[in-house]
Amino acid sequence: MSGERTLILGANIYDYGTDAGSWRTPGEDPRRPFTADFWRDTAHDAERAGMDAIFLADSPGLSANPAIRPMRLVEPLTALATVAAETERLGLISTVSTSANDPVELARRLLPFSAYSGGRFGWNVVTGVTGPAVTDFGYAHTPGRDDRYLRAEEFLDAYTAFLAAVREGTDYVHEGPLFAAAIPRRELGVDPAIGALLPDVAPVIVQAGGSPRGRQLAARTAEVVFAAETVRETAAQNAAELRTLAAGFGRTAPLVLPGIHLIVGSTEEEAERRFALIHERGPEGYLLQRFSAMFGIDSARLDLDAPASAELARLSTDPASSPVGFQKAIAAYGAQGGLTIRALLRYFAGFGHQFFVGSPERLVDIMTEWADAGAADGFTLLFDSNPWGLREFAEHVTPVLRRRGLLAERPAEPFGRWVRGARR
Amino acid sequence: MTAHILRLSDDTLARLAGTAAGDIDTRRALGAELDAIADVLLLGDGPGGPDRTVAAGFLLALTRRVVVVPIIGSAQHPINLGRATAALSSLHGHRGGIASDDADVLGLLSRLWETWPSDSLIGDIDAGVYVDDSRILRIADPRYPTIGGPLTVPVDVTDKPVTILLTATHTLHEPGVDLALDISTLAHWAPGAVRRDARAEAGSARAVLGLAPSTSIAHGTPAFHGAGRLDQV
């Protein structure tokens, strides 16, 4: 790797894991993610693996029937408080949806969280709300992409204005079409002792949106982007475009941390066996159903042995609730490799992120190539099964990263501060 | 037993953020002190105001036996509040609860905690059966017609988080409200206060407060059960 740049690494702990079969990991107790010990152990595993942060994905309600696939269950701020209590340096990034919260109420929650963690907190801004939660949060139907981003844009404006009022000790006023409030300075609801810790306790803004509007929002507001990318050249182009967009807003570009769903083994064959051990425990037909839903396709119409590019062009309907970044990333991988739908379905085990099964050395080679190409400042790592995947990473990949000088000794300052300092 | 309940003011909670953000030894000392000063910590000056659920999460993570009950501050959505409280209770040995002057909200939360009964979790990894999804419910509360869950965290219906109604009249009418409390009668904690015996066994909030097991009060319909299950991915 050229220069002296090191990689920023986050562990995306998807409770049981990213694979749909993860809750059936042999020898693990499916009740364990509901205990503090699971999160304490995860905290220590992440530190041992050389992670800079733990990242928790989330949905405000059950986004799927847990009888099919249990996921995104434990509320992330509660889990991360346990992680924070066990660690001193690890960053703590929680997903929170703008469609299921109020900007002032959320700011009143996130500021003390960041203060209690010592300025180590990041907010992954998402816009989604699905399933029964749609009704719970007062929507007549699932909000479409434009409506969600309209709300997210104003939400972030109101949230930012509230943080400014707390920091400066002024009244808060926001008059917008979706949010409107005027709060005198003495009733802001954030203790001055916490307000005095700004800007260090201002949550790092993380975003993952891959639609044109999502990328605009990231360029305008994000400090870190959790990108869905599968093709290095495309990722480098997108990162360069993000830097240009951010400059257009007069901002330093966000750090770009693409996701990698990874399974490692000492050899390629061992990694394949390890992948199959968990993956084959997933529900039959699950990947095809998720794939079809993401592209808005009737799965019965898919020819599994047809070229993926032609088949997606013929059948895809771009449903408004689907994540555009994942759609684009998966379609791009199919096109680049000339894959059939069947071959692309295997790759879709990473659900839109780069999917890797192989040796630690080859994984680190890829990470290095991506960083050298300007496609990544680091990576958000997703493991098929927790805690297995993170522990295997610590055992097999971390030593390779250390040998190659890719893991940094971070400065003794809060996560939020050094992340902001690392932006280019 | 009569539980010893102490209040932690909003000022104190803000100051504790500095201690909680310190090194691990400092945090552990704080946790040990909080475990020793009371059986129950009630967080906040009163209804409304700043959020205290976040502080509750950190204090529960730092302690091992004391029960921690935040007073609902600014208007957090009941689904988010119910989910966070359920998660805290599950992670920390049922040592959590919630307090408010709004009996309707407490009743709604108590019902939401029945949307995923923990004994429906089967977790048979060999057979591939995670849960009896016919028991995951969307509940109906006529005072909140659009809110029904289910929450994302299983809850033991016999050991739900405690719900404390803040009132001076000490009358209970709302099903799902466990306890009425006049907070003006409670002392505030000051760091360095006289310690109690912290060696006592940890117990659930209900046991510490001398409450009977909670019972089911919700009515609901299955949220997922039925045909087309693979559409529910």
Side-chain angles (χ1 to χ4, degrees), chain A residues 23-26 28-31 34-36 39 59-62 64-70 72-75 77-79 81-82 84-86 88 100-102 104-105 108-109 112-113 115-119 132-133 135-138 189-194 197 281 283 285-286 289-290 293, chain B residues 10-11 13-18 20-24 27 31 49-51 53-55 57-58 60-62 73-77 79-80 83-84 86-88 90-93 121 123 125-126 128-133 136 138 146-154 223-224 229-233:
Chain A
W23 78 266
R24 300 180 63 193
T25 298
E28 295 293 335
D29 179 357
R31 290 170 181 79
F34 301 111
T35 69
W39 296 100
S59 302
L62 285 173
N65 183 347
I68 311 295
R69 184 190 176 193
R72 301 177 183 168
L73 302 180
V74 178
E75 194 278 329
L77 291 176
T78 60
T82 305
E86 292 295 308
E88 293 187 352
N101 287 280
D102 171 84
V104 170
E105 187 277 320
R108 285 175 173 161
R109 244 185 310 149
F113 190 98
Y116 266 82
S117 73
T135 309
D136 286 336
F137 288 97
V190 177
D191 194 278
I194 288 177
L197 300 173
R281 291 176 163 248
Y286 179 81
Q289 191 66 28
R290 278 287 295 265
Chain B
D10 290 320
D11 283 352
L13 292 175
R15 282 200 305 276
L16 287 183
D23 61 43
I24 284 181
R27 281 182 237 157
D51 172 82
T53 57
V54 159
F58 278 85
L60 281 164
L62 293 173
S74 60
Q76 194 176 153
H77 193 285
I79 289 287
N80 295 337
R83 190 178 173 220
L88 286 175
S90 176
L91 293 176
H92 301 292
L121 191 59
I125 63 173
D126 295 322
V129 182
Y130 183 76
V131 65
D132 175 0
D133 62 349
I136 299 177
R138 183 162 178 83
T146 67
I147 299 177
L151 300 181
T152 65
V153 182
F224 291 108
R229 291 177 73 204
L230 208 50
D231 295 334
Q232 302 166 357
V233 299

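These numbers come from the heavy atoms of this one structure, side chains and all, not from hydrogens, waters or symmetry mates. For clarity, every value in this text was computed on a predicted model and none was experimentally measured. Naming: A, B, ... by sequence-line order, numbering from 1 per chain.
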Kindly give the heavy-atom pair with the smallest separation between [X] and [Y], and that separation in Å.
X: A:Ala85; Y: B:Ala61; value: CB-CB, 3.8 Å
X: B:Ala21; Y: A:Ser117; value: CB-C, 4.2 Å
X: A:Leu73; Y: B:Val153; value: O-CG2, 3.5 Å
X: B:Phe58; Y: A:Ala84; value: CE2-CB, 3.6 Å
X: B:Ala87; Y: A:Val74; value: CB-CG1, 4.3 Å

Using non-hydrogen atoms only, which part of [X] is less than 4.5 Å away from chain A: side chain, backbone, both, or neither?
X: B:Ala75; value: backbone
X: B:Arg83; value: both
X: B:Asp132; value: neither
X: B:Asp10; value: backbone
X: B:Leu60; value: neither

Interatomic spacing from NE2 in B:His77 to CD in A:Glu105 - rounded to 0.5 Å: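 Reported value, rounded in 0.5 Å steps: 10.5 Å.
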A:Glu88 (side chain) donor-acceptor with B:Ile24 (main chain) under 3.5 angstrom: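 Yes, because the side chain of A:Glu88 sits within donor-acceptor range (under 3.5 Å) of the backbone of B:Ile24.
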Audit row: B:Leu121, A:Phe34, side-chain contact (heavy atoms from CB on, under 4.5 Å) steps and yes/no: CA-CA 12 Å; B:Leu121 191 59; A:Phe34 301 111; 4.0 Å; yes
A:Tyr116 and B:Leu13: CA distance, side-chain angles, deciding distance, side-chain contact (heavy atoms from CB on, under 4.5 Å) verdict: CA-CA 10 Å; A:Tyr116 266 82; B:Leu13 292 175; 4.0 Å; yes
Would you indicate whether the side-chain heavy atoms of [Y] and [X] approach each other to under 4.5 Å?
X: A:Glu75; Y: B:Leu151; answer: no
X: A:Arg109; Y: B:Thr53; answer: yes
X: A:Pro66; Y: B:Phe224; answer: yes

Most chain A-contacting option - heavy-atom pairs closer than 4.5 Å, from B:Gly93, B:Ala20, B:Gly148, B:Gly128: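 Between B:Gly93, B:Ala20, B:Gly148, B:Gly128, the count favours B:Gly128.
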Interface residue of largest heavy-atom contact number with chain A, from B:Thr146, B:Ile147, B:Asp126, under 4.5 Å: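 It is B:Thr146.
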Heavy-atom proximity to chain B below 4.5 Å, by part of A:Arg72: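 Interface part for A:Arg72: backbone (N, CA, C, O).
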Contacting moiety of A:Glu28, where chain B heavy atoms sit under 4.5 Å: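 The backbone, not the side chain.
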Partner of B:Asn80 by side chain to side chain contact (heavy atoms under 4.5 Å, CB included), out of A:Asp136, A:Asp102, A:Leu77, A:Asn101: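 Output: one option passes, namely A:Asn101.
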Criterion side-chain contact (heavy atoms from CB on, under 4.5 Å) on A:Thr25 and B:Ile125, from CA distance to verdict: CA-CA 7 Å; A:Thr25 298; B:Ile125 63 173; over 6 Å; no
Contact leader toward chain B among A:Ala193, A:Pro26, A:Pro60, where contacts are heavy-atom pairs under 4.5 Å: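 Sorted descending by pairs with chain B, the first entry is A:Pro60.
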Top contributor to chain B interface from A:Ala36, A:Gly61, A:Gly118, A:Gly119 [non-hydrogen pairs under 4.5 Å]: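 The answer is A:Ala36.
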